[in-house]
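Contents: one structure, followed by commentary.
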2 protein chains.
Amino acid sequence: MKQQDHSFLSPESVDEASRVFKALADPTRIKILYLLSQEECSVNHITEVLEMTQSAVSHQLSFLRNLRLVKYRREGNTFYYTYDDEHVITVLHQVLKHIKC
Amino acid sequence: MKQQDHSFLSPESVDEASRVFKALADPTRIKILYLLSQEECSVNHITEVLEMTQSAVSHQLSFLRNLRLVKYRREGNTFYYTYDDEHVITVLHQVLKHIKC
DNA sequence: ACTAAATATGAGCATATGCTCATATAATTA
DNA sequence: TAATTATATGAGCATATGCTCATATTTAGT
């Protein structure tokens, strides 16, 4: 196969794909997304379940927010996060399921 | 949901998933795996198609080999690589396809 | 045996990543 | 209004990552 025959895999597609995979390439983000795939969660709740500092969790949520993988709603002082990309959750579940086999 | 209710997502599963996603989280490795998903390739061929140095490609192949995502056969001086994890290729194709929408 | 070709590998370097620590912000409550 | 609660954010640091450069290894050809 010649070099020019690969043009259908555009640089944009490759970059976008690597961004998606990068989002899933960290244990903490996997746990957060998995949690959110089951229920809406406050930051504090995530912090307790994952036994991590509030700051670390918040930074990761900021990361996921920038990639539009999660969104949140506010209720007073509490921020409730949900996932915002069905496809990414599907891919995550698929890989997790496959690993258990 | 309480903390202990998440025990079914084992640390091993999370780590293994993050390893898989990490393998796909780099543009070069995406291109290599995509290429290999289409045809068996020599190192030299990959180097030419991706317009990268032999060393950089070889290092990435070594990385993918360690994760058992690719395998190779030797023919004289030439090493022909193929992918070795159908599921990872499926996930890659799925994400790439979704991005194009 | 000598040289060339194809690939692998170690060291080093610049950048990215994921955390901590301190602090900012905003809403709630006393 | 002051204190508390919930979250966000910037700086800094240790480690990881992905490349280059030089070199090793293995096979083929002369």
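In what follows, chains carry the letters A, B, and so on, assigned in the order in which the sequence lines appear, proteins first and then strands, with residues in each chain numbered from 1.
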Checklist entry - Can you tell which of V70(B), I32(B), L64(B) makes a side chain to side chain contact (heavy atoms under 4.5 Å, CB included) with Y81(B)? => result V70(B)

Checklist entry - Has the side chain of N44(A) got a donor or acceptor that lies under 3.5 Å from a partner of the other kind on the base of dA6(D)? => result no

Checklist entry - For L50(B) and dT7(C), what is the distance between atoms CG and P respectively, to the nearest whole Å? => result 13 Å

Side chains of residues 94-101 of chain A: which donor-acceptor partners sit under 3.5 Å, not counting sequence neighbours?
from: Q94(A); atom 1: OE1; to: Q94(B); atom 2: NE2; distance (Å): 3.2
from: Q94(A); atom 1: NE2; to: Q94(B); atom 2: OE1; distance (Å): 3.2
from: H98(A); atom 1: ND1; to: H87(B); atom 2: ND1; distance (Å): 3.2

Checklist entry - Given that E75(B) and R29(B) both sit by DNA chain D, which one's nearest nucleotide is further toward the 5' end? => result R29(B)

Next on the checklist: Is it the case that atom CZ in R73(B) sees more than 12 heavy atoms from other parts of the structure closer than 6.0 Å?
Outcome noted: yes

Checklist entry - With a 4.0 Å cut-off on heavy atoms, is S58(B) in touch with a base, just the backbone sugar-phosphate, or nothing at all? => result base

Next on the checklist: For dT17(C) and Q60(A) - does any side-chain N or O of the residue sit under 4.0 Å from the phosphate oxygens OP1/OP2?
Outcome noted: no

Checklist entry - In whole angstroms, how far is the C1' atom of dT17(D) from the CZ atom of F63(B)? => result 9 Å

Checklist entry - Which nucleotide in the list dG18(D), dT7(C), dC19(C) gets nearest to the side chain of D26(B)? => result dG18(D)

Checklist entry - Does atom OH of Y72(A) have more than 12 heavy-atom neighbours from other groups under 6.0 Å away? => result no

Next on the checklist: According to a cutoff of under 5.5 Å between the ring centres and under 30° between the ring planes, does H59(B) stack with the base of dC19(D)?
Outcome noted: no

Next on the checklist: In whole Å, I'd like the distance from the CG atom of N66(A) to the C1' atom of dG18(C).
Outcome noted: 15 Å

Checklist entry - Do the side-chain N or O atoms of T28(A) get closer than 4.0 angstrom to the phosphate oxygens (OP1, OP2) of dC19(C)? => result yes

Next on the checklist: Does dA8(C) have its OP1 or OP2 closer than 4.0 Å to a side-chain nitrogen or oxygen of Y81(B)?
Outcome noted: yes

Checklist entry - Which residue, R74(B) or M52(B), contacts DNA chain D at a nucleotide closer to its 5' end, judged by nearest heavy atom? => result M52(B)

Next on the checklist: Whether the side chain of Q54(B) and the base of dA6(C) hold a donor-acceptor pair under 3.5 Å is what I'd like checked.
Outcome noted: no

Checklist entry - Is there a side-chain polar atom (N or O) of T53(B) under 4.0 Å from OP1 or OP2 of dT20(D)? => result yes

Checklist entry - Would you say the side-chain atoms of S58(B) and S55(B) include a donor-acceptor pair closer than 3.5 Å? => result no

Next on the checklist: Taking the minimum atom-to-atom distance to the side chain of S42(B), which one of dT7(C), dA8(D), dT20(D) wins?
Outcome noted: dT7(C)

Checklist entry - Quick one: E51(B) CD to dC19(D) C1', roughly how many Å, whole number? => result 17 Å

Item to check | Spacing of I30(B) atom CD1 relative to dG18(D) atom P, expressed in whole Å | outcome: 11 Å

Next on the checklist: Check this one for me: any side-chain N or O of R65(A) less than 4.0 Å away from OP1 or OP2 of dT7(D)?
Outcome noted: no

Checklist outcome for this item: Which of dT7(C), dA26(C), dC19(C) is nearest the side chain of F79(B)? It is dT7(C)

Checklist entry - What pair of heavy atoms forms the shortest contact from A25(A) to S18(B), and how long is it? => result O-CB, 3.7 Å

Checklist entry - Separation of L67(A) atom CG from dT17(C) atom P, in whole Å? => result 10 Å

Next on the checklist: On the side chain of S55(B), is there an atom forming a donor-acceptor pair with the base of dT9(C) - under 3.5 Å, no angle test?
Outcome noted: yes

Next on the checklist: If I take atom CG in residue D15(A) and atom P in nucleotide dA16(C), what distance separates them, rounded to the nearest angstrom?
Outcome noted: 14 Å

Checklist entry - When all nucleic acid strands are considered with a 4.0 Å heavy-atom cut-off, which category describes Y80(B): base, sugar-phosphate, or nothing? => result nothing

Checklist entry - Can you tell me how far C1' of dC19(C) sits from CG of L61(A), to the nearest Å? => result 15 Å

